[in-house]
> 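I'd like to ask some things about the structure below.
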Amino acid sequence: MTKFSINKFKLAIAGAALMGAVSSCDVVDLTPANLIPDQEAFATPARVESAVLGVYESAQRGFYLGSVQRGYPFGAANVQQGDMRGEDMYNDQLFYEITYVGAYNPQTANNNGMWISLYRMINRANIVLEGLDEALSSGVLTQAQRDRYRGEMLFLRALAHHELLVHFARPYSDNPASPGVPYRTFAINDVPKVPDGEAVGRGTVGEDYQQLLSDLDEAESLLPNGAFSRASKGAAIGLKSRVKLHMEDWAGVIAEHAKITGQYAVTSSVTAPFLSGSTTDNVFSFINTEASNAGVNGALASMFGNPDLGARGLVKISPLIWRSEFWLAEDSRRTLLTTSNGTGVYTGKYPDAVTYSDPNPILRFAEVVLNAAEANAQLGNLDVAVTLLNSVRSRALPATVPAFTAAGLGGQEGVLDAIYKERRIEFLAEGKRWADIHRLSGAGVMNGVPAKATSRSITNINFYNTDRAIPTDHSILYTSNLFVWPIPLEEIQTNSTAPIEQNPGY
């Protein structure tokens with residue numbers, strides 16, 4: 001097997017200093033390196049903490065084309081790929097062309113980079129998980145330390161697997177029995193374990209979601225409340241809210257929201273979650289710093305920001321949503337969270353185009369609230385649903401714009417439609433559009449990726465502030481094989497034990 005080279009191989013751990021040492025698609029790349037041996041990796045509290053932080057770093061600055069760091073998977077790339085798969089953010093140059101137009105295949109870099117970096121992150125989390133109990137029994141860690149670290153690793157493992165499911169598998173809302181992704185629950189840290197890892201099959205989407213909930217339930221039971229920069233009890237609950245929304249477990253979504261109402265709150269300021277660091281709305285983010293970020297070719301501020309403010313500006317807000325009838329002119333998110341120049345409108349959510357230190361917001365309480373609004377609407381609790389919806393929407397509008405009412409929206413269908421539209425506005429440029437397209441297409445609410453503004457056709461601001469026709473293209477029907485990403489060819493070819501099934505059409 002050409003995938004593996006074990007000269008000078010030692011047990012790899014997930015410490016921050018070991019960035020890039022342990023990799024994985026479903027198959028793990030055991031690259032030779034001078035690493036801390038296993039008997040020492042969990043020998044002191046400081047080394048355990050380093051191993052834990054290394055998993056966060058692998059999430060923030062993971063694999064992309066070998067050693068190039070572009071924020072895969074959660075430093076920035078989940079936002080960029082999630083937005084480029086949808087229609088509300090616009091590809092202005094060739095940089096995101098493959099994702100934007102749906103030209104990916106089993107060998108293209110963006111989809112492969114997500115697969116590889118997510119499984120590397122998962123393997124690192126599993127390595128830490130398997131070392132914690134020994135560190136506890138040897139007295140290196142207290143029970144409270146072990147429990148917190150275990151909860152963090154379970155949360156990160158679940159987050160990574162769910163990202164894989166929304167990109168590489170059909171939605172739960174369509175058919176839980178459809179092929180899922182390999183759910184890795186053990187570490188591959190030595191060559192004899194490789195065949196066991198290769199033997200983990202795709203299973204079903206339903207089985208994967210049950211494992212997600214199992215991981216997150218345990219994480220919730222172990223984690224304390226804490227800051228948004230580390231996994232916390234609130235983060236586990238917030239992610240469960242998202243997972244249960246994809247499962248259409250409406251009562252479950254409402255229950256998760258109720259658990260953290262009061263601990264978190266939607267901020268009255270629409271800019272606060274992005275410009276004020278820790279707020280009541282920030283549940284969990286991956287942190288970027290001047291010393292550790294996705295760089296000029298990956299950072300959110302560089303890619304999404306206004307070139308007049310020092311950014312590269314490869315991604316604009318699409319004129320399709322900017323000119324939509326449902327995004328009212330009075331909405332402060334149009335003025336306070338966007339900037340413009342002669343070629344288009346850009347998000348202002350990531351302002352640091354110099355040092356790229358903007359956090360990547362993974363979970364905000366506003367999402368948990370809108371999840372609960374949708375769940376209540378699905379169950380017929382329309383007044384409750386509209387109250388939750390207004391708690392997000394009305395803070396961005398002047399008092400002269402009346403709040404929604406269930407009657408005014410025309411009943412259940414109208415309330416749900418208003419919630420779907422509010423999600424597009426509130427989470428614009430946060431990478432969440434694709435996950436909504438994915439689950440809503442599976443549920444029959446949508447039929448795949450809507451038409452987008454034709455790539456590199458929006459050349460000036462007139463497409464935003466006039467009735468000038470917007471050229472459109474790049475829609476993908478739900479029935480198309482392109483709706484889900486292909487499994488990387490390398491993943492299949494290098495798995496000699498039990499190659500996993502490729503998605504149909506590739």
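For this chain, numbers begin at 1 and follow the sequence in order. For clarity, every value in this text was computed on a predicted model and none was experimentally measured.
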> Between Y209 and H162, how do the two ring planes meet: parallel, tilted or perpendicular, split at 30° and 60°?
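It falls in the perpendicular class, over 60°.
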
> Before giving the answer on ring-ring contact (aromatic ring centres under 6.0 Å, His included), spell out for F63 and Y72 the whole-Å C-alpha distance, their side-chain angles and the decisive distance to 0.1 Å.
CA-CA 6 Å; F63 173 91; Y72 280 77; 8.3 Å; no

> Where does the angle between the aromatic ring planes of Y183 and H161 fall among parallel (under 30°), tilted (30 to 60°) and perpendicular (over 60°)?
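Aromatic pair Y183/H161 classed parallel.
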
> For E87 and S318, what are the C-alpha separation, side-chain angles and deciding distance, and is it a side-chain hydrogen bond (donor to acceptor under 3.5 Å, both in side chains)?
CA-CA 7 Å; E87 80 278 33; S318 175; over 6 Å; no

> Please indicate whether N225 has more than 12 foreign heavy atoms, meaning atoms of other residues, nucleotides or ligands, lying under 6.0 Å from its CG.
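Count over threshold, so yes.
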
> Can E325 and K421 be counted as an ion pair, charged N to O under 4.0 angstrom?
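Salt bridge between E325 and K421, a charged N being under 4.0 Å from a carboxylate O: yes.
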
> Distance alone, cut at 3.5 Å: any donor-acceptor contact between the side chains of R202 and N503?
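Judged by distance alone, the side chains do pair up.
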
> Is it true that the side chains of T267 and S269 contain a donor and an acceptor less than 3.5 Å apart?
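No, no side-chain donor-acceptor pair sits under 3.5 Å.
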
> Look at the side chain of E374 and the backbone N and O of L416, then say whether any donor-acceptor pair between them is shorter than 3.5 Å.
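Such a contact is absent between E374 side chain and L416 backbone.
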
> Which is it for Y96 and Q80 under the side-chain contact (heavy atoms from CB on, under 4.5 Å) test, yes or no, and what are the steps along the way?
CA-CA 8 Å; Y96 294 106; Q80 291 149 356; 3.2 Å; yes

> Does either side chain, that of T279 or that of N282, offer a donor lying less than 3.5 Å from an acceptor on the other one?
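The answer is yes; a qualifying pair exists.
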
> Counting distance only, does the side-chain N/O of R242 pair as donor-acceptor with the main-chain N or O of N371 below 3.5 Å?
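Flag not set: sc R242 to bb N371 has no pair under 3.5 Å.
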
> Could you walk me through whether S292 and Q60 pass the side-chain hydrogen bond (donor to acceptor under 3.5 Å, both in side chains) check?
CA-CA 9 Å; S292 179; Q60 179 231 4; 3.0 Å; yes

> Applying side-chain hydrogen bond (donor to acceptor under 3.5 Å, both in side chains) as the test, list every pair that has at least one member in residues 352-364; sequence neighbours left out.
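Pairs touching residues 352-364 that pass the test: N78-N360, D281-R364, D352-T355, D352-S357, R364-E426, R364-E430.
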
> After noting the C-alpha distance and the side-chain angles of R85 and H167, does the key distance pass the side-chain hydrogen bond (donor to acceptor under 3.5 Å, both in side chains) rule?
CA-CA 10 Å; R85 296 196 76 177; H167 284 300; 2.9 Å; yes

> Angle class for the F365/H257 ring planes (parallel below 30°, perpendicular above 60°, tilted otherwise)?
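If you compare the ring of F365 with that of H257, the planes turn out parallel.
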
> Tell me whether the rings of W485 and Y104 are parallel (<30°), tilted (30 to 60°) or perpendicular (>60°).
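Rings of W485 and Y104: perpendicular, as their planes differ by over 60°.
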
> Taking atom CG of N175 as the centre, report whether more than 12 heavy atoms of other residues, nucleotides or ligands fall under 6.0 Å from it.
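Correct, the count exceeds 12.
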
> Quick check against the 3.5 Å criterion: does N376 have a side-chain atom that pairs as donor or acceptor with the backbone of A373?
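No, the answer is negative, given that no donor and acceptor are paired below the 3.5 Å cut-off.
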
> Once you round to the nearest 0.5 Å, how far does CD of E218 lie from CG of L154?
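Reported to 0.5 Å precision, the distance equals 5.0 Å.
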
> Please check if the side chain of N112 supplies one atom and the backbone of P106 the other of a donor-acceptor pair under 3.5 Å.
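Yes.
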
> Between R393 and D331, is there a side-chain N and carboxylate O pair less than 4.0 Å apart?
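Salt bridge absent between R393 and D331.
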
> May I ask you to decide if the ring planes of H474 and Y100 are parallel, tilted or perpendicular, using 30° and 60° as cut-offs?
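Rings of H474 and Y100: perpendicular, over 60°.
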
> Using distance alone, with no hydrogens and no angle criterion, decide if N297 and R312 have a side-chain donor and acceptor under 3.5 Å apart.
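There is such a pair between these side chains.
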
> What's the spacing between K233 NZ and I237 CD1 if we round to 0.5 Å?
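Taking NZ in K233 and CD1 in I237, the distance rounds to 6.5 Å.
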
> For S173 and E248, test the side chains for any donor-to-acceptor distance below 3.5 angstrom and give the result as yes or no.
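Judged by distance alone, the side chains do not pair up.
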
> Would you call the rings of F284 and Y56 parallel, tilted or perpendicular, where under 30° means parallel and over 60° means perpendicular?
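F284 and Y56: tilted rings.
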
> Rounded to the nearest 0.5 Å, how far apart are CG of L388 and CG of L370?
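Answer rounded to 0.5 Å: 8.0 Å.
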
